[in-house]
Amino acid sequence: MDFKSVEKKWQKIWEDEHRYHAEDFSKKPKYYILVEFPYPSGAGLHVGHTPNQIAMDILARKKRAEGYNVLYPIGWDAFGLPTENYAIKTGIHPKEVTKKNVEHFKQQIKSLGISFDWDREINTTDENYYKWTQWIFLQFFKKGLAYKAEANINWCPNCKIGLSNEESEGGVCERCGATVVQKPKSQWMLKMSEYAEKLLQGLNETNYWENIKAMQRKWIGKSEGTLMHCKLKSGEGFDIFTTCIETVFGITYFVLAPENPLVDKLKDKIQNWNEVLQYREKASKKSEFERTELVKEKSGCILKGITAINPINNKEVPVFISDYVLAGYGTGAVMAVPAHDERDYEFAKLMNLPMIEVISGGNIKERAFEKGDYLGKNCKLINSENFNGLTVEEAKIALNKYLEEHNLGKKESTYKMRDWVFSRQRYWGEPVPLVYCEKCGWVAVPDDQLPVKLPNVEKYKPTDDGESPLSRIDEWVNTTCPHCGGPAKRETDVMPNWAGSSWYWLRYIDPHNDKAFADFEKLKYWGKVDIYNGGGEHVTRHLLYARFWHKFLYDNGLVPYSEPFDKRVQQGIILAKDGTKMSKSAGNTVDPMEYVEKYGADVSRLGQMFMGDYTEMKPWSDATMKPCERLLNRIVALKENVQNGEIRPENRYILAQSIKKVGEDIENLKFNTAISQIMILTSHLENLKNINSEEYKILLRILNPFAPHITEELWEECNFKPSIENTLWPSFNENDLVQNEVEIAVQINSKIVGRTKICPTSNQTEIEEKVKNEFESKFAGKEIIKVVLIPSRLINFIVK
RNA sequence: GCGGGUGUGGCGGAAUGGCAGACGCACAGGACUUAAAAUCCUGAGAGGGCAACUUCGUGUGGGUUCAAGUCCCACCACCCGCACCA
């Protein structure tokens, strides 16, 4: 059989029939399978795409066979830097580039025979799509969850351009190699922090893999502790956050983040202001790279003339600034207890500051006695006045109570998750649909004027001052205020790459709606995404952003359920053939489409799924293609032996077992072992003189999700009715899984002494007698103390 | 440092606490062929033995159990993510 022409034939039929179109409101039970939509780069599909799409295609085809109404859609996440940079280099409009790349991707995906519903194809760069991305952004704006704030961008002083984190890896500009600096810029932010608790709690409603939940929890980073109100001697108040209030009597100084605004307020009172400025300057120059380096040498600067008061005992202590305190976490200020915190300990040693031991049990001459050392060990407080003698756990409660009663603080939780910087000073993204009016401030573009279309520009490169290229088009920037009708200017920033992907699964449900982002009844019908397959690199950012948008929409009554995805699964990373990481620079990348060219779609699908456990990291292997090709050829050859007839009793066991195993393995994403089972079944059928049609049908039906073209062709050639896809997934009788004879292992004192065939339904006494007779010599002179029988597996005699 | 994961033949990988190495790759021998490719058959964890057989074997060390790759404790190596988070 010429696989490739057969594949073309069926691909055309599927396309002409719209075979895989998912019907809204069908009576069948729904099943929504989502695979991350690709970024249509110039390079085409790669190994990060194909196994995902194939794996989910196998699941989709199996679910359809089981009678589900399956939604398996695809689209393009097409805004983004590679296309923009290509435009900067060539001057070709990103729209053109995107169109070309999408065509290429589509053709490749179709050649793999993926059963996407092409009638629901979406593209984030379509005006009809980003209209709704803008609309949702405006809902955030209207609810006060979008705000402007100063945030740092990665800035290349040489190229005079803002860079993404990816473009400034290692602290150097990807284009020119210059050192990237942090430059403050006023930007749109989304108040994601307000959803921290909801995002954390919501995880309990999902069936994500535990490791994915763990990563999200870690990223959200909740810690429970105490917010304590402190004062300077000069009267100014400030708050600190601590998870170790039990150490409050051990405070010997306070530390503020260098950027803490309190420092500016104290300018006139700080005697060494120049020094402070110098330190601030130094700290701000540290790139993100240096700040996160492994070696974290402490540094800091005292605020001379400033004295703070420990609210618990009114003790006066000095105040420092240091970059080991982060401005963005907690309150940007900490109480320093060097005896019980490693970082404070280091800093105190450096600055020659005193320490007070307040929890007994450690040796603070050597190192800090930290919470990890003392928690849960019944350690008691010392040097803590009235609280002496309490255990740490008792003291936490008592101190929180005391602070609350004296209005000095309260219990509180903080989160590591920050608000989302939602502006990019770039071209190829969704324009932020806001205008600025001197009189009215920031005003939303009215719904009937959406989308705010991305205008054409001559140059795609950001301006020298870091503004978006849109800022150069005066006739676009200058507009009228929708509120008062006066002159106003458009926002020239665009949204980040992540915007379009933060709601796309909702659009698939109703892709052509021009009244709403999706019809509510349709959203109700399709419900949550049942299984969402994507890359591990998106588990924190994309997945959190998506859940955040979804929860916001839910809170505003715009979607009917509070979590978007039920299950989240991911493919293991595919390494290069030599087991190292695939990378363009190493020149060891693999193009999966080469294998489609060489072997055809079905062989390549099988080959990719047979390489190993879908979810484990594994090297790409060419070695699976040939045996999979052989398998299909053998199955084609089997057709010659097919005669009309029902399933014969002697074949019931292997057929039932195969239906069960292949079905379960697909559900569990164990595609490699499903294929093994099909190989075993094929070998079995090959050894028969002839095959009855009902037996062959089962083989083809369970292979169909893996090799949809060739199985459909064979089915048609055999003239089986109805067509393969109108034939349900085969069922089997549980009784068929019981063989009438099985071989079990015989053990004496847990050592195998031999094997014997028994009938699995015989009782223990019968089996014991049979074995004792057969292995008589082994039992000579021994006394049997105990017998363990594992049905159909083994029998173990414990003897003396 | 913290969180998650992995560790099994020459290789990819299988094994609800129950016969470790399914299924494949590579390898060796054989059949077909003038020859090769393709295809098919056979063999094989390692060591020892002519053989029947026997010893050792799932990263390391302990433990539980009639029975451990699987469960428990401690450790090692590698991978992924996070990392001065108070």
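So that the names make sense, note that chain A is the first sequence line, chain B the second, and so on, each numbered from 1.
Considering only side-chain atoms of K218(A), the nucleotide from rC82(B), rC25(B), rG18(B) that sits closest is rC82(B). Here the nucleotide nearest the side chain of I790(A), chosen from rC19(B), rC23(B), rG18(B), is rG18(B). Side chain of S676(A), nearest nucleotide from rA20(B), rA22(B), rA86(B): rA22(B). Of the candidates rG18(B), rC40(B), rC79(B), the closest approach to any side-chain atom of R793(A) belongs to rG18(B). With distances taken from any side-chain atom of L326(A) to the nucleotides rA86(B), rC79(B), rC19(B), the minimum falls on rA86(B). Considering only side-chain atoms of T243(A), the nucleotide from rC66(B), rA86(B), rC25(B) that sits closest is rA86(B). Of the candidates rG12(B), rC40(B), rG18(B), rG12(B) carries the atom nearest the F610(A) side chain, counting heavy atoms from C-beta on. Out of rC79(B), rC40(B), rA86(B), the shortest distance to the side chain of M617(A) is found at rC79(B). Here the side chain of K751(A) is nearest to one of rU55(B), rG13(B), rG24(B), namely rU55(B). Side-chain proximity of R634(A) to rG24(B), rC84(B), rC19(B): nearest is rG24(B).
Counting non-hydrogen atoms under 4.0 angstrom, R217(A) reaches nothing in the nucleic acid. Nucleic acid contact class of E616(A) (heavy atoms, under 4.0 Å, all strands): sugar-phosphate only. Within 4.0 Å (heavy atoms only), S223(A) reaches sugar-phosphate atoms of the nucleic acid but no base atom. Using a 4.0 Å heavy-atom distance criterion, K581(A) is classed as a sugar-phosphate-only contact. Heavy atoms of N672(A) sit under 4.0 angstrom from primed sugar atoms or phosphate atoms, though from no base atom. The residue L794(A) sits close to a base: some heavy atom pair falls under 4.0 Å. Residue contacts for D613(A): at a heavy-atom cut-off of 4.0 Å it reaches the sugar-phosphate backbone alone, with no base atom in range. Within the nucleic acid shown, T242(A) comes within 4.0 Å of sugar-phosphate atoms alone, with no base atom in reach, counting heavy atoms only.
Under the Watson-Crick or G-U wobble criterion, with both distances below 3.5 Å, rA68(B) has no partner in any strand shown. Remark: rG1(B) base-pairs with rC82(B). Criterion, Watson-Crick or G-U wobble with two distances under 3.5 Å. With both pairing distances under 3.5 Å, rC75(B) is matched to rG59(B) as a Watson-Crick or G-U wobble pair. Using Watson-Crick or G-U wobble geometry with both donor-acceptor distances under 3.5 Å, rG43(B) finds its partner in rC27(B). When both pairing distances are held under 3.5 Å, rA35(B) makes no Watson-Crick or G-U pair with any nucleotide shown.
Taking the P atom of each, rA67(B) and rA15(B) are spaced 25 Å apart, rounded to whole Å. When the P atom is compared between rU70(B) and rG61(B), the two are found 13 Å apart, to the nearest whole Å. When the P atom is used for both rG9(B) and rA46(B), the distance is 12 Å, rounded to whole Å. Comparing rC23(B) with rA37(B), their P atoms are spaced 26 Å from each other, to the whole Å. rG3(B) sits 27 Å from rG13(B) when the P atoms are compared, rounded to a whole Å. Comparing rU58(B) with rG49(B), their P atoms sit 24 Å apart, to the nearest whole Å. When the P atom is compared between rG4(B) and rG10(B), the two are found 33 Å apart, to the nearest whole Å. Nucleotides rC27(B) and rG12(B), compared at atom C1', are 15 Å apart to the nearest Å.
One can place CH2 of W209(A) at 11 Å from P of rU6(B), the figure rounded to the nearest angstrom. When the C1' atom of rC80(B) is taken as reference, atom CZ of R541(A) falls 15 Å away, rounded to whole Å. If you take CG of L256(A) and P of rC84(B), they are 19 Å apart, rounded to a whole angstrom. Computed from coordinates, the L203(A) CG to rG3(B) C1' distance equals 14 Å when rounded to whole Å. The nearest whole Å value for the distance from the CZ atom in R630(A) to the P atom in rA37(B) is 13 Å. A straight line from NE2 of H538(A) to P of rC82(B) spans 13 Å, rounded to a whole angstrom. Separating the CD1 atom of I748(A) from the P atom of rA67(B) is a distance of 15 Å, rounded to the nearest angstrom. When rounded to the nearest whole Å, the span between CD1 of I744(A) and P of rC19(B) equals 12 Å.
An OP1 or OP2 oxygen of rA26(B) is reached within less than 4.0 angstrom by no side-chain nitrogen or oxygen of K626(A). The phosphate of rA86(B) (OP1 or OP2) has a side-chain N or O of Y329(A) nearer than 4.0 angstrom.
Residues Y415(A) and Y329(A) keep their aromatic ring centres 6.0 Å or farther apart. Checked against a 6.0 Å centroid threshold, the rings of Y324(A) and F347(A) count as neighbours. Annotation: F238(A) is in aromatic contact with F254(A) [ring centroid separation under 6.0 Å].
Remark: E246(A) does not engage K371(A) in a salt bridge, criterion side-chain N to carboxylate O under 4.0 Å. Salt-bridge formation is detected for the pair E774(A)/K770(A): a Lys NZ or Arg NE/NH1/NH2 atom is positioned less than 4.0 Å from an Asp or Glu carboxylate oxygen.
Comparing K222(A) and K618(A) by the nucleotide of RNA chain B whose heavy atom lies nearest to each, the residue mapping closer to the 5' end is K618(A). Checking N796(A) against A745(A), the closest nucleotide of RNA chain B that is more toward the 5' end is the one next to A745(A).
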(request) Apply side-chain contact (heavy atoms from CB on, under 4.5 Å) to E686(A) and R634(A), showing your working. (result) CA-CA 8 Å; E686(A) 272 174 339; R634(A) 283 158 64 196; 2.8 Å; yes
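In this pair, Y595(A) and W620(A) present their aromatic rings tilted. The plane angle is within the 30 to 60° band. Taking the six-membered ring for Trp and thresholds of 30 and 60 degrees, W420(A) and Y545(A) have nearly parallel ring planes, at less than 30 degrees apart.
In rG57(B) the O4'-C1'-N dihedral to the base is more than 90° from 0, which defines an anti nucleotide.
The shortest distance between side-chain heavy atoms of L381(A) and V358(A) does not fall below 4.5 Å.
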